[in-house]
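Since the structure comes first, as structure tokens, the remarks are kept for the end.
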Amino acid sequence: DQQVKQNSPSLSVQEGRISILNCDYTNSMFDYFLWYKKYPAEGPTFLISISSIKDKNEDGRFTVFLNKSAKHLSLHIVPSQPGDSAVYFCAASDMLSGNEKLTFGTGTRLTIIP
Amino acid sequence: DTAVSQTPKYLVTQMGNDKSIKCEQNLGHDTMYWYKQDSKKFLKIMFSYNNKELIINETVPNRFSPKSPDKAHLNLHINSLELGDSAVYFCASSATVASYEQYFGPGTRLTVT
């Protein structure tokens, strides 16, 4: 049962434009969400997170939006830069249950076109 | 300095063999994890240790045995390797068990022939 879904396996965006990566989840108990970025032959690196008590969190060029009613979150990168080309994983957890486990999506490969 | 390191980076072995993957973190973190990324790119948690104590054990075959000699190390030993064990295995750590910001190692690509 795939509780975190990233339905777009790949996305290409022109340099300087906005990249929007999407993530859907099915478990209504999830209350904390994270985005990780992964370069080839490296492990995922933490990018940004959001708690379910918020609907937006911003860090420089990266903004994560959370729509709890739709069970949907998105990562916006603006402006997109060539170094942003990587695979982006969405992850979720239910903190209140005391379950420390992160459930990951299958990733979206973002390619920034110079 | 590498924060979370794994050895080896690549491992090719035959079915039935026993192998180990080592993981070390120099971040002073209390909690360490093992993840498996299969051919479909699912990244799934296998085990989690907090201060050398097992806290998460996801329905993993008992051929997989994690060992944490101290809180900076979490090794993964696999007995009687099977073809389906072929995957990339990632080690990770976090400051505490309640911290969801995990730091990952570079991964170990295991190929069982």
Side-chain angles (χ1 to χ4, degrees), chain A residues 1-10 23 25 27 29-54 57 59 62 64 66 73 86-110, chain B residues 2-11 21 23-25 27 29-51 53-60 74 87-109:
Chain A
D1 176 30
Q2 195 179 343
Q3 298 185 63
V4 177
K5 300 177 185 179
Q6 294 176 256
N7 292 319
S8 298
S10 62
C23 178
Y25 60 96
N27 187 341
M29 298 300 293
F30 286 149
D31 54 10
Y32 196 77
F33 305 89
L34 306 91
W35 284 94
Y36 281 80
K37 174 179 178 178
K38 184 183 179 304
Y39 291 119
E42 294 183 12
T45 55
F46 169 74
L47 196 56
I48 192 169
S49 62
I50 188 167
S51 163
S52 60
I53 62 172
K54 294 185 175 181
N57 188 25
D59 183 2
F62 302 92
V64 56
L66 176 62
L73 65 155
V87 177
Y88 290 78
F89 290 95
C90 170
S93 184
D94 55 345
M95 295 174 71
L96 286 179
S97 71
N99 186 343
E100 304 84 6
K101 187 175 73 171
L102 287 181
T103 301
F104 283 84
T106 51
T108 296
R109 181 177 301 280
L110 176 64
Chain B
T2 304
V4 182
S5 59
Q6 295 178 228
T7 53
K9 199 167 175 66
Y10 300 96
L11 186 53
I21 307 171
C23 177
E24 176 181 2
Q25 55 95 1
L27 297 166
H29 286 172
D30 286 346
T31 310
M32 295 185 73
Y33 312 81
W34 276 109
Y35 285 85
K36 177 181 180 181
Q37 186 180 32
D38 60 22
S39 57
K40 295 182 180 177
K41 305 301 181 187
F42 285 109
L43 191 63
K44 290 184 180 176
I45 191 165
M46 301 172 67
F47 301 102
S48 169
Y49 270 73
N50 186 57
N51 275 321
E53 183 179 333
L54 180 68
I55 54 172
I56 293 177
N57 183 345
E58 289 289 297
T59 52
V60 177
L74 181 61
V88 181
Y89 292 83
F90 288 98
C91 176
S93 72
S94 63
T96 67
V97 71
S99 173
Y100 293 87
E101 296 172 18
Q102 297 178 12
Y103 295 75
F104 283 78
T108 295
R109 182 174 293 277

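Proteins come first, then strands; the chains are lettered A, B, ... in the order of their sequence lines, and each starts at number 1. Everything numeric here is computed off the predicted structure, so don't read it as measured data.
In this structure, Y103(B) places its OH atom where only 12 or fewer heavy-atom neighbours from other residues, nucleotides or ligands lie under 6.0 Å away.
In this structure, R109(A) CZ and K41(B) NZ are separated by 7.5 Å, a value rounded to the nearest 0.5 Å. The CZ atom of F104(A) sits 13.5 Å away from atom CZ of F42(B), with the distance rounded to the nearest 0.5 Å.
No part of Q6(B) comes within reach of chain A, as not one of its non-hydrogen atoms sits under 4.5 angstrom from that chain. Interface remark: T106(A) contributes backbone and side-chain atoms alike to the contact with chain B (heavy atom separation under 4.5 Å). For a residue to count as touching a neighbouring chain, one of its non-hydrogen atoms must lie under 4.5 Å from one of that chain's; by this rule Y36(A) touches chain B with the side chain only.
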Trace of the side chain to side chain contact (heavy atoms under 4.5 Å, CB included) decision for Y33(B) with L102(A): CA-CA 11 Å; Y33(B) 312 81; L102(A) 287 181; over 6 Å; no
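For the residue pair Q37(B) and F89(A), the shortest heavy atom distance occurs at NE2-CZ, 3.6 Å. Closest of all the heavy-atom pairs between Y32(A) and E101(B) is OH-OE2, 4.4 Å. Across every non-hydrogen atom of F90(B) and G43(A), the tightest pair is CE2-CA, 3.6 Å.
Between chain A and the options E58(B), K44(B), K9(B), heavy-atom pairs under 4.5 Å are most frequent for E58(B).
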